[in-house]
Structure formats: structure tokens, C-alpha cells
Amino acid sequence: MLKLLSLLFGISSLAFSQNTSLTVTVTGIKNNTGKLTVEVYNSKGKFLKSAFKTTSSTIKSNTATVTFSDLPKSEYTVMVYHDENNNGKLDKNFIGMPKEAVACSNNAKGFMGPPKYEDAKFSLVADSKITIKMNDKL
């Protein structure tokens, strides 16, 4: 009986600690050249500095979709950029402003700079899908 209870407790613990998936669809990309890069951030301190997970996707019909699996339930932000020249990085000008199109979760926009973490954050508690509309600049 004790073994059965231990097994049931173990199974129920796994059910509560299950990770989730996040599907990100980006619309409004100006062309199908290059790739779309999607970065997921899992803390305010790392927002737009050090991504928790990153992936890239081809662009078809000015839209791209990626799915991140196995994300712990938590608070996140997403930043996407159109790597139009396909060089694997977000190109910036001499003062650090993006030269390629970028956007953030919640379609958050900044004023004279990047959006605030608080405007881009969302809670991931179950498998979810979000849509981000591409901007020309952050």
C-alpha cells in the first residue's frame, strides 16, 4: 500500500510540475527575405540582454511561427527581429538602435528606446499561443 501511495504521489507531482509550450506567430513582416529570430526572456534583469531560449524560422507570406517546448510555468517576455540579411544577429546602428525590424510580446513599444519589461511580460501557466505584429523599429 505504501508503494502504491508513493507511486501515486510521484505521478501527481509530475502533473503539477509539467512544463508548457509557447507558440509565437509573427505577422506584418515586410518581406520573406532572411529569417525571423525569436528570443524568450525569463527575467527582468536579462530582458533584451541575455535570452533564455532562441530560435529562428523561415518567413512565408510575411508571417512566421515558432514553438518553444518544455518551458517552466513562469513569467516571460518575447522579442523578435527580422534578420533580413541572414547574418545571425540583430544589426544596429552606431548608437545601438536596431537597423532591422523588431517587436515584443504584447506588442509593447518603447518611447525613445526599447519597451519596458512590464509592458512586454506575460504569465505562462498552460500551453499558449501569442501573436506579435512586427514593427519597423523597437
Side-chain angles (χ1 to χ4, degrees):
M1 183 65 153
L2 185 58
K3 288 182 181 179
L4 179 62
L5 286 174
S6 295
L7 178 65
L8 290 174
F9 180 72
I11 292 170
S12 66
S13 301
L14 288 173
F16 285 109
S17 66
Q18 280 184 338
N19 289 339
T20 58
S21 68
L22 174 66
T23 300
V24 180
T25 299
V26 180
T27 63
I29 303 169
K30 75 176 181 176
N31 60 50
N32 299 320
T33 305
K35 293 191 180 225
L36 182 83
T37 298
V38 182
E39 299 178 343
V40 175
Y41 297 88
N42 63 349
S43 73
K44 183 176 183 176
K46 294 182 178 182
F47 180 52
L48 302 179
K49 295 175 188 154
S50 177
F52 174 61
K53 290 196 176 197
T54 303
T55 192
S56 294
S57 173
T58 57
I59 303 165
K60 295 179 182 171
S61 301
N62 303 83
T63 301
T65 300
V66 301
T67 299
F68 292 92
S69 301
D70 205 30
L71 290 174
K73 296 176 183 178
S74 188
E75 186 174 270
Y76 294 97
T77 59
V78 174
M79 193 272 287
V80 301
Y81 65 90
H82 183 184
D83 184 8
E84 200 167 356
N85 60 5
N86 208 18
N87 67 352
K89 65 180 184 174
L90 174 61
D91 294 326
K92 298 177 181 178
N93 66 17
F94 70 97
I95 60 170
M97 297 295 291
K99 291 169 60 176
E100 296 175 302
V102 296
C104 280
S105 44
N106 299 331
N107 294 311
K109 296 178 182 165
F111 177 74
M112 302 289 287
K116 294 179 183 172
Y117 172 83
E118 290 77 20
D119 294 338
K121 73 179 179 179
F122 61 94
S123 292
L124 185 66
V125 295
D127 291 350
S128 299
K129 297 178 180 182
I130 64 171
T131 301
I132 298 174
K133 184 171 180 352
M134 185 59 77
N135 303 313
D136 286 334
K137 54 188 175 181
L138 196 58

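The model shown is predicted, which means the values in this text are computed figures rather than measured ones.
For the side chain to side chain contact (heavy atoms under 4.5 Å, CB included) test, residues two or more places apart in sequence or in another chain that qualify with Asn107 are Ile132, Lys133. Partners of Glu84 according to the salt bridge (charged side-chain N to carboxylate O under 4.0 Å, His left out) rule, which considers only residues two or more places apart in sequence or in another chain, are Lys30. Scanning for side chain to side chain donor-acceptor pair (under 3.5 Å) contacts around Asp70 gives Asn19, with sequence neighbours left out. Residues meeting the side chain to side chain donor-acceptor pair (under 3.5 Å) test with Thr65, sequence neighbours left out: Thr25. For the side chain to side chain donor-acceptor pair (under 3.5 Å) test, residues two or more places apart in sequence or in another chain that qualify with Thr23 are Thr67. In terms of the side chain to side chain donor-acceptor pair (under 3.5 Å) criterion, Tyr76 has no residue partners (sequence neighbours excluded).
Not a single donor-acceptor pair under 3.5 Å links the side chain of Asp83 to the backbone N or O of Lys35. Checked by atom type and distance alone, the side chain of Asn106 pairs as donor or acceptor with a backbone atom of Ala120 at under 3.5 Å. Under a 3.5 Å cut-off, the side chain of Asn62 and the backbone N or O of Ile29 do form a donor-acceptor pair.
Of all heavy-atom pairs spanning Thr77 and Ser105, the tightest one is CA-OG, 3.6 Å. The shortest heavy-atom contact between Leu90 and Pro98 is CD1-CB, 4.2 Å.
Once rounded to the nearest 0.5 Å, the distance linking OG of Ser50 with CD of Glu39 reads 9.0 Å. Atom CG of Leu22 sits about 6.0 Å away from atom CG of Leu71, to the nearest 0.5 Å. The line from CD of Glu100 to NZ of Lys89 is 9.5 Å long, rounded to the nearest 0.5 Å. Between Tyr41 atom OH and Cys104 atom SG the span is 8.0 Å, to the nearest 0.5 Å. Note that the NZ atom of Lys99 and the CG atom of Asn85 stand 8.5 Å from one another [nearest 0.5 Å].
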Per-pair distances, 0.1 Å, donor-acceptor, side chain in residues 52-60, under 3.5 Å, sequence neighbours excluded:
residue : atom : partner : partner atom : Å
Lys53   : NZ   : Ser69   : O            : 3.3
Ser56   : OG   : Thr37   : OG1          : 3.1

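Residue pairs meeting the ring pair (Phe, Tyr, Trp, His ring centres under 6.0 Å) criterion with at least one partner in residues 80-126, sequence neighbours excluded, are Phe47-Tyr117. Pairs passing the salt bridge (charged side-chain N to carboxylate O under 4.0 Å, His left out) check and including a residue from residues 115-131, sequence neighbours excluded, read Lys44-Glu118, Glu75-Lys121.
Taking Ile, Leu, Val, Met, Phe, Trp and Tyr as members and joining any whose side-chain heavy atoms lie under 4.5 Å apart, directly or through other members, Val125 forms no hydrophobic cluster with any other residue.
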